[in-house]
Asker: 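Encoded as structure tokens, here's the structure I'll be asking about.
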2 protein chains.
Amino acid sequence: VKVRVLGSAAGGGAPQWNCGCANCRGMRTGTVAAHARRQESVAVSPTGDAWLLLNASPEIRAQIESFPGLWPREPRHSPVAGIVLTNGDLDHVLGLLSLRESHPLTVYATDTVRRGFTEGNVLYRTLQRFEGQVTWRSLRLGEELTAFTEGGTTLSLLPFAVPGKRPIHLEGPGALPTSDEDNIGLLVRTRGSSGTRTMAYAAAAAGWTDEMESRFAEADAVFFDGTFWSSDELIAAGLGTKRAEDMAHLPVGGPEGGLARLGRLRARRRILIHINNTNPILREDGPERAAVSAAGVEVAHDDMELTL
Amino acid sequence: VKVRVLGSAAGGGAPQWNCGCANCRGMRTGTVAAHARRQESVAVSPTGDAWLLLNASPEIRAQIESFPGLWPREPRHSPVAGIVLTNGDLDHVLGLLSLRESHPLTVYATDTVRRGFTEGNVLYRTLQRFEGQVTWRSLRLGEELTAFTEGGTTLSLLPFAVPGKRPIHLEGPGALPTSDEDNIGLLVRTRGSSGTRTMAYAAAAAGWTDEMESRFAEADAVFFDGTFWSSDELIAAGLGTKRAEDMAHLPVGGPEGGLARLGRLRARRRILIHINNTNPILREDGPERAAVSAAGVEVAHDDMELTL
């Protein structure tokens with residue numbers, strides 16, 4: 001699997017437009033050892049010809065331009081072979097509405113996430129201008145699906161349930177009941193003449209289940225939710241009233257946090273992604289980053305590349 | 001009026017994600033004398049403290065970060081005092097959904113544009129999380145409205161009708177009838193101790209009316225629709241089937257085109273904006289750009305600043 005990180009920050013990016021916290025201020029003025037990050041999205045490809053995007057961030061245009069592998073090779077063309085939605089959060093779906101230049105799209109999502117985006121959404125009509133503009137392919141929990149083959153290597157997706165929640169705009173009175181399909185993890189797998197390689201992807205996770213543990217055990221690399229270091233990160237900084245768990249994110253720190261869990265996996269690469277602007281792991285010279293490194297875990301950054 | 005161009009390209013930006021035309025290819029590889037441009041949006045301010053954004057492009061996050069004047073000055077803060085929508089096209093409104101960090105927003109739009117964005121749009125619920133999250137202020141054609149005052153200088157908006165059309169996603173069967181409120185121009189005016197200054201803004205115009213002519217006559221600077229050089233620009237390049245007029249844009253070239261019209265105005269600055277990726281005026285060394293300059297007209301670029 002060829003992997004390119006197009007964005008590694010949580011919703012809002014880092015810095016965030018209305019945030020003047022120490023990290024955001026320091027990133028803007030270059031006075032902290034932390035790099036700015038676009039909102040989370042990762043491109044994967046069997047051999048580097050056609051690519052699937054994991055999530056469609058609002059910044060998708062700049063993200064496509066940031067990576068020559070995604071540049072058109074003809075007057076009307078795109079190496080983007082499809083987009084996979086891991087949940088319906090706006091920072092994962094809004095970018096679809098920026099791909100509206102009458103270009104056929106293939107979008108992979110659970111039926112729940114598809115319906116949450118397409119129903120009652122007049123803006124979606126911009127992607128319904130001709131028959132077949134969007135082809136939806138249903139992701140079903142536990143069922144592996146072949147996306148495409150290039151150069152004799154096949155790329156497949158195996159979705160699995162990850163604790164999460166519905167997107168904020170679908171909560172509240174009249175909301176549908178929550179579902180295992182609201183938020184998923186993926187095994188992205190290539191099979192070719194050089195064997196099988198597997199990447200696990202769970203950019204949002206409210207907890208850690210036995211199923212996740214066993215899926216991650218199959219992976220050469222694991223991307224995992226790095227949103228918050230601690231439960232009360234926003235509260236302690238005076239920037240919000242919600243705990244990490246209220247927003248369906250397992251904190252990175254703590255005895256049963258994401259870092260401790262990742263540290264016990266045998267995958268060759270274990271990488272935190274979807275990092276909130278307030279997270280102290282953004283600081284390359286801080287104790288939290290040192291703890292991440294000491295556990296053999298990495299912090300995703302924009303433009304990071306992996307080959308599995 | 002202090003003015004900062006946050007983006008100067010038409011919808012899709014330049015380069016555009018799925019376009020490999022000569023301009024897009026050349027901008028990506030640095031082989032043409034043309035600069036990349038984000039999607040159209042302009043910030044205006046009385047004295048540089050608080051700013052109104054004219055249109056909310058999908059790239060709003062990067063645009064805010066591109067200009068220190070828009071950076072937060074407190075842990076939770078934004079110098080963005082409001083957003084003005086000149087029509088309901090997705091490249092003008094989608095950015096609102098990226099300003100969803102529970103921050104109160106003031107949005108100026110005609111009732112038609114407001115309804116087109118807020119009705120039947122489940123995504124808008126992200127901006128309805130608390131009472132007063134968005135304050136809508138109605139723009140009424142021909143009625144001047146005071147936005148705010150800072151340092152003794154008042155900034156006002158005077159909307160006027162400009163030929164245009166409904167956004168694509170609101171066209172088709174069941175669509176409401178078109179209205180003069182679908183697409184507007186603005187006089188942005190400051191009044192203070194140093195007198196009155198006026199900027200005219202019409203980033204999308206399907207034609208040129210007597211009313212536009214008389215509004216523009218009041219302005220020290222005019223920003224005007226620079227989408228296409230010629231009617232058949234997309235057709236001739238093999239990139240589309242629609243003429244400029246089908247997309248409600250007066251071409252820049254030709255005896256009664258935007259350039260000829262602008263050249264006859266007495267405003268000190270006359271500036272083309274909302275420039276499509278295919279437009280030959282993007283090439284700084286081409287004959288079309290030379291014709292623009294010869295007429296005393298400018299081509300907007302990202303990060304351009306004016307003080308009127």
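Sequence lines set the chain letters: A, B, ... in the order given, protein chains first and strands last, and positions in each chain run from 1.
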Asker: Measuring heavy-atom distances to chain A, does B/E101 have an atom under 4.5 Å in its side chain, in its backbone, in both, or in neither?
Answerer: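 For B/E101, heavy atoms of backbone and side chain both lie under 4.5 Å from chain A.
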Asker: Mind checking whether A/V122 and B/E119 have side chains closer than 4.5 Å, heavy atoms only?
Answerer: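 With C-beta onward as the side chain, the pair stays apart.
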Asker: Which heavy atom in A/P75 sits nearest to a heavy atom in B/L239, and how many Å separate them?
Answerer: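 The answer is O-CD2, 3.6 Å.
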Asker: Relative to chain B, which of A/L99, A/T29, A/L97 shows the most heavy atom pairs under 4.5 Å?
Answerer: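 Highest number of heavy-atom pairs under 4.5 Å: A/L99.
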Asker: At a 4.5 Å cut-off on heavy atoms, which part of B/R129 comes close to chain A: side chain, backbone, both, or neither?
Answerer: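 Only the side chain of B/R129 comes within 4.5 Å of chain A.
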Asker: Any heavy-atom pair between the side chains of A/S98 and B/P58 that's under 4.5 Å?
Answerer: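 Side-chain contact under 4.5 Å: yes.
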Asker: Report which part of B/R61 has an atom under 4.5 Å of a heavy atom belonging to chain A: side chain, backbone, both, or neither.
Answerer: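 B/R61 touches chain A through side-chain heavy atoms alone.
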Asker: Using non-hydrogen atoms and a 4.5 Å limit, figure out which bit of B/I60 sits close to chain A: side chain, backbone, both or neither.
Answerer: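 Neither; nothing under 4.5 Å.
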Asker: Do B/E65 and A/R28 have side-chain heavy atoms sitting under 4.5 Å apart?
Answerer: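 Result yes, sub-4.5 Å side-chain heavy-atom pair found.
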Asker: Shortest non-hydrogen contact from A/R125 to B/E171?
Answerer: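 Closest pair (atom of A/R125, atom of B/E171, distance): NH2-O, 2.7 Å.
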Asker: Hey, are the side chains of B/D91 and A/R100 touching, using non-hydrogen atoms and a 4.5 Å cut-off?
Answerer: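 Contact flag for B/D91/A/R100 side chains = yes.
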Asker: Do B/H103 and A/W17 have side-chain heavy atoms sitting under 4.5 Å apart?
Answerer: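 Result yes, sub-4.5 Å side-chain heavy-atom pair found.
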Asker: For B/C19, is it the side chain, the backbone, both or neither that has a heavy atom under 4.5 Å from a heavy atom of chain A?
Answerer: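 When you check distances to chain A, atoms from both the backbone and side chain of B/C19 fall under 4.5 Å.
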Asker: Do B/N18 and A/R76 come within less than 4.5 Å of each other through their side chains, counting heavy atoms only?
Answerer: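 Yes; the side chains approach each other to less than 4.5 Å.
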Asker: Determine the option with the most heavy-atom pairs under 4.5 angstrom with chain B, choosing from A/T126, A/I168, A/L123.
Answerer: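 The option with the most such pairs is A/L123.
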